[in-house]
Amino acid sequence: MISESLYFTYDGINSKDVGLLNVSIDNGLFEEVLVSGRKIVEDKIDGLSRPYFKYIEHDPLEFEVHFYFEETYDTDKIRWVARWLTQDVYKEMSFSANPDKRFFCLTTSPINLTHNGLEQGYVSMTFRCNTHHAYTPYIQSTITEIQNEGIIEVDNIGDMDVKPVFILNKKGDGDVYVTNLSDGGRKFEIYDLNNKEEVRIDNALRRITSDQGNLKYSECNRTYLKLVYGKNRLKIEGDCDFRWECRFNLL
């Protein structure tokens, strides 16, 4: 019986339905990149032996995979698999051994077919991700009704900070303030909202939109927020229905 942990999903298609398995072709053990490579970016100053540290630059994740055909293949199936796996934009990918760990990736290497001449074999390729980490599935919180003031807790289940999307539906005209008490009291402010106006605040893209068609950049302090690793206590001031959504970042 084939282990269910050997299947994968790419661009919404499960390899089980296609008849492909993720296999190891070496010693039977699977090898995966746990943390991508990184390098130190620094400036060297004449006369100083110690360089000036600037920041860390992360390499996008890359991994090599081998997909085995459970049954024999023909020309049409090979062509279909090649079209499926050679996308021109990043597509979501997960492996059934850990389905809640998601990658956005595309192939960068040639797709090589290794076979025995009897239409049995496997294809090999390298995938490159859009960043140096994986993600959780997209998570949407329940709605919290805020009357005047309230505090909600958000558990960052990832391994690093993340910048979420906030969605608030104003009750009555006025302002709304969101403060992350777990991040030094960093505070986002938005002003002069109308009754029943729904505003979407994308902290990662620094984009604020309203269902009333007007952008709100001139009516906020532009202090965008993040969720730090672990528990976050968000203090929300102003009558509204509040919720958040994001993918958390995974190593």
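The chain is numbered in sequence order, starting from 1.
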Step by step, would you call Lys235 with Glu149 a side chain to side chain contact (heavy atoms under 4.5 Å, CB included)? CA-CA 7 Å; Lys235 178 181 177 182; Glu149 180 181 306; 3.4 Å; yes
In terms of hydrophobic clusters joined by side-chain contacts under 4.5 Å, are Leu181 and Val154 together? no
Cluster check Tyr177, Val199: I/L/V/M/F/W/Y, side chain < 4.5 angstrom: no
May I ask you to decide if Lys77's main-chain N or O and Asp74's side chain share a donor-acceptor pair within less than 3.5 Å? yes
Determine whether the aromatic ring centres of Tyr135 and Phe104 lie less than 6.0 Å apart. yes
Please check if the side chain of Asp239 supplies one atom and the backbone of Asn148 the other of a donor-acceptor pair under 3.5 Å. yes
Considering all heavy atoms, the nearest Asn156-Leu227 contact: ND2-O, 3.0 Å
Measuring centre to centre across the rings, with the benzene-like ring taken for any Trp, is Phe63 within less than 6.0 Å of Phe103? yes
Compare all side-chain heavy atoms of Thr179 with those of Arg186 and state whether any distance is below 4.5 angstrom. no
So NZ of Lys44 and OG of Ser49: to nearest 0.5 Å the spacing works out to 11.0 Å
Could you state the interatomic distance from CD1 (Ile111) to OG (Ser124), rounded to the nearest 0.5 Å? 10.0 Å
Give the C-alpha distance, both sets of side-chain angles, the deciding distance and a yes or no for side chain to side chain contact (heavy atoms under 4.5 Å, CB included) between Asn22 and Val65. CA-CA 7 Å; Asn22 178 33; Val65 292; 4.3 Å; yes
Within the side chain of Ser109, is there an N or O that forms a donor-acceptor pair under 3.5 Å with the backbone of Met125? no
Side-chain donor or acceptor of Tyr10 paired with backbone N/O of Cys105 under 3.5 Å: yes
Is it true that Lys226 and Asp183 have a side-chain N and a carboxylate O under 4.0 angstrom from each other? yes
Given Lys91 and Asp11, is the salt bridge (charged side-chain N to carboxylate O under 4.0 Å, His left out) satisfied, shown in steps? CA-CA 5 Å; Lys91 296 292 185 177; Asp11 192 22; 3.7 Å; yes
Output yes when a side-chain donor or acceptor of Asn195 lies under 3.5 Å from a complementary backbone atom of Gly172, and no otherwise. yes
Answer yes or no: is there a donor N or O on one side and an acceptor on the other, between the side chain of Asp43 and the main chain of Tyr52, under 3.5 Å? no
For Leu250 and Gly158, work out which heavy atoms get closest and say how close. CD2-CA, 3.9 Å
Within the distance-only criterion (no hydrogens, no angle test), does the side chain of Thr126 pair as donor or acceptor with the backbone N or O of Thr108 below 3.5 angstrom? no
Residues Asn194 and Gln212: side-chain donor-acceptor under 3.5 angstrom: yes
Going by side-chain heavy atoms closer than 4.5 Å, which hydrophobic residues are tied to Ile167, directly or by a chain of links? Tyr138, Val165
Hey, what else clusters with Val228 if you join Ile, Leu, Val, Met, Phe, Trp, Tyr whenever side-chain heavy atoms sit under 4.5 Å? none
Please answer whether the main-chain N or O of Val162 pairs with a side-chain N or O of Asn249 as donor and acceptor at a distance below 3.5 Å. no
Closest heavy-atom pair and its distance - Leu6, Ser96: N-OG, 3.7 Å
Closest heavy-atom contact between Gly238 and Ile146? O-CG2, 3.5 Å
Phe127 side chain near Leu61 side chain, heavy-atom distance below 4.5 Å: no
Side-chain heavy-atom pair Leu193, Val176 within 4.5 angstrom cut-off: yes
May I ask you to test the Asn221-Phe188 pair for a side-chain heavy-atom distance under 4.5 Å? yes
Between Tyr90 and Arg128: side-chain donor-acceptor atoms closer than 3.5 Å: yes
Using side-chain heavy atoms (C-beta onward) and a distance below 4.5 Å, is Thr131 in contact with Pro60? no
Hey, could you give me the CG/CG distance between Asn14 and Leu20, rounded to the nearest 0.5 Å? 10.5 Å
Any Lys/Arg nitrogen of Lys171 or Asp241 sitting under 4.0 Å from an Asp/Glu carboxylate oxygen of the other? yes
Is the distance from the ring center of Phe8 to that of Phe67 below 6.0 Å? yes
Shared hydrophobic cluster, Leu225 / Tyr229 (ILVMFWY, side-chain heavy atoms < 4.5 Å): no
Are Phe248 and Tyr224 connected, step by step, through hydrophobic side chains (Ile, Leu, Val, Met, Phe, Trp, Tyr) whose heavy atoms are closer than 4.5 Å? yes
Within-4.5 Å side-chain heavy-atom neighbours: Ile151 and Ile236: no
Please tell me whether Glu189 and Tyr191 have a donor and an acceptor in their side chains that are separated by less than 3.5 angstrom. yes
Looking only at non-hydrogen atoms, find the nearest pair between Thr72 and Leu118 and report the distance. CG2-O, 4.0 Å
What are the two closest heavy atoms between Pro99 and Ser94, and how far apart are they? O-CB, 3.8 Å
Decide if atom CD1 of Ile40 counts as having more than 12 heavy atoms of other residues, nucleotides or ligands within a radius under 6.0 Å. no
Do Ile190 and Ile143 belong together in a cluster built from hydrophobic side chains that touch within less than 4.5 Å? no
Looking at Phe95, I'd like to know if the NZ or CZ of Lys101 sits under 6.0 Å from its six-membered ring centre while staying within 45 degrees of the ring's axis. no
Measure the OG1-CD distance between Thr209 and Glu198 for me, rounded to the nearest 0.5 Å. 8.5 Å
As a quick check of understanding, evaluate side chain to side chain contact (heavy atoms under 4.5 Å, CB included) for Val123 and Thr114, giving each step before the final call. CA-CA 6 Å; Val123 290; Thr114 303; over 6 Å; no
Kindly say whether Leu251 contributes a backbone atom to a donor-acceptor pair with the side chain of Asp159 at under 3.5 angstrom? yes
Rounded to the nearest 0.5 angstrom, the CG-CD distance for Leu113 and Glu119 is 10.0 Å
Any donor-acceptor pair under 3.5 Å from Gln87 side chain to Trp84 backbone: yes
Please step through salt bridge (charged side-chain N to carboxylate O under 4.0 Å, His left out) for the pair Arg200 and Glu245, ending with a clear verdict. CA-CA 10 Å; Arg200 183 180 181 91; Glu245 54 188 49; 2.7 Å; yes
Are Arg102 and Glu92 within salt-bridge range, i.e. N to O under 4.0 Å? yes
Distance-only side-chain donor-acceptor flag, Asn180 / Asn232, under 3.5 Å: yes
Looking at CG of Asp175 and SG of Cys220, how far apart are the two atoms once the value is rounded to the nearest 0.5 Å? 11.5 Å
Using a strict threshold of under 4.0 Å (side-chain N to carboxylate O), is an ion pair present between Glu197 and Lys170? no
pair Pro51-Ile45: side-chain heavy atoms closer than 4.5 Å: no
Side chains of Glu70 and Leu21, heavy atoms from C-beta outward: is any pair under 4.5 Å? yes
Verify salt bridge (charged side-chain N to carboxylate O under 4.0 Å, His left out) between Glu42 and Lys54, making sure each step is shown before the conclusion. CA-CA 5 Å; Glu42 56 193 8; Lys54 296 178 68 177; over 6 Å; no
Full working for ring pair (Phe, Tyr, Trp, His ring centres under 6.0 Å) between Phe242 and Phe166: CA-CA 7 Å; Phe242 181 89; Phe166 296 149; 5.2 Å; yes
